[in-house]
Amino acid sequence: MVATRAGVGRATVYRHWPSLLDLRLAALEAGMPPLPPVPEELRAASGNDPRAEFIYRLNVLAERWGDEQSGAVLAAVLGGSRTTKVCAASGSHC
């Protein structure tokens with residue numbers, strides 16, 4: 001479907017993005033501004049705990065979910081993960 005909408009062959013799409021997940025991640029990166037750095041105060045307060053950074057980034061994504069463009073990109077990428085599993089189970093490239 002992506003290749004058809006872009007007016008190119010499937011091989012062209014797979015040359016740039018070897019998997020559907022790679023394509024979705026590229027769309028996510030292109031459609032949303034980068035995540036802000038973790039505040040130094042949070043790093044210091046958590047003792048550089050990676051879980052605190054992960055939770056911070058999830059909160060930023062949750063806030064962006066309400067933004068029309070970012071929310072649409074997140075929904076498309078996250079919603080596609082279920083489709084990917086179905087495609088993989090069927091042996092299809094979808």
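When reading the values below, keep in mind they use all heavy atoms of this one structure, side chains included, and skip hydrogens, waters and symmetry mates.
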Minimum heavy-atom separation for [X] to [Y], with atom names?
X	Y	result
Pro36	Arg57	O-NH1, 3.1 Å
Val38	Glu53	CG2-CG, 3.1 Å
Leu42	Tyr56	CD2-CB, 3.6 Å

- Task: Give, for atom CZ of Arg51 and atom CG of Leu58, the distance between the pair rounded to the nearest 0.5 Å.
- Result: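 The CG atom of Leu58 is 13.5 Å from CZ of Arg51, to the nearest 0.5 Å.
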- Atom CH2 of Trp17 and atom CG of Leu23: how far apart are they, to the nearest 0.5 Å?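 If we round to the nearest 0.5 Å, Trp17:CH2 and Leu23:CG are 6.0 Å apart.
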- Can you hop from Phe54 to Leu35 via hydrophobic side chains spaced under 4.5 Å?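 No, because Phe54 and Leu35 fall into different hydrophobic clusters, even though each may have its own neighbours under 4.5 Å.
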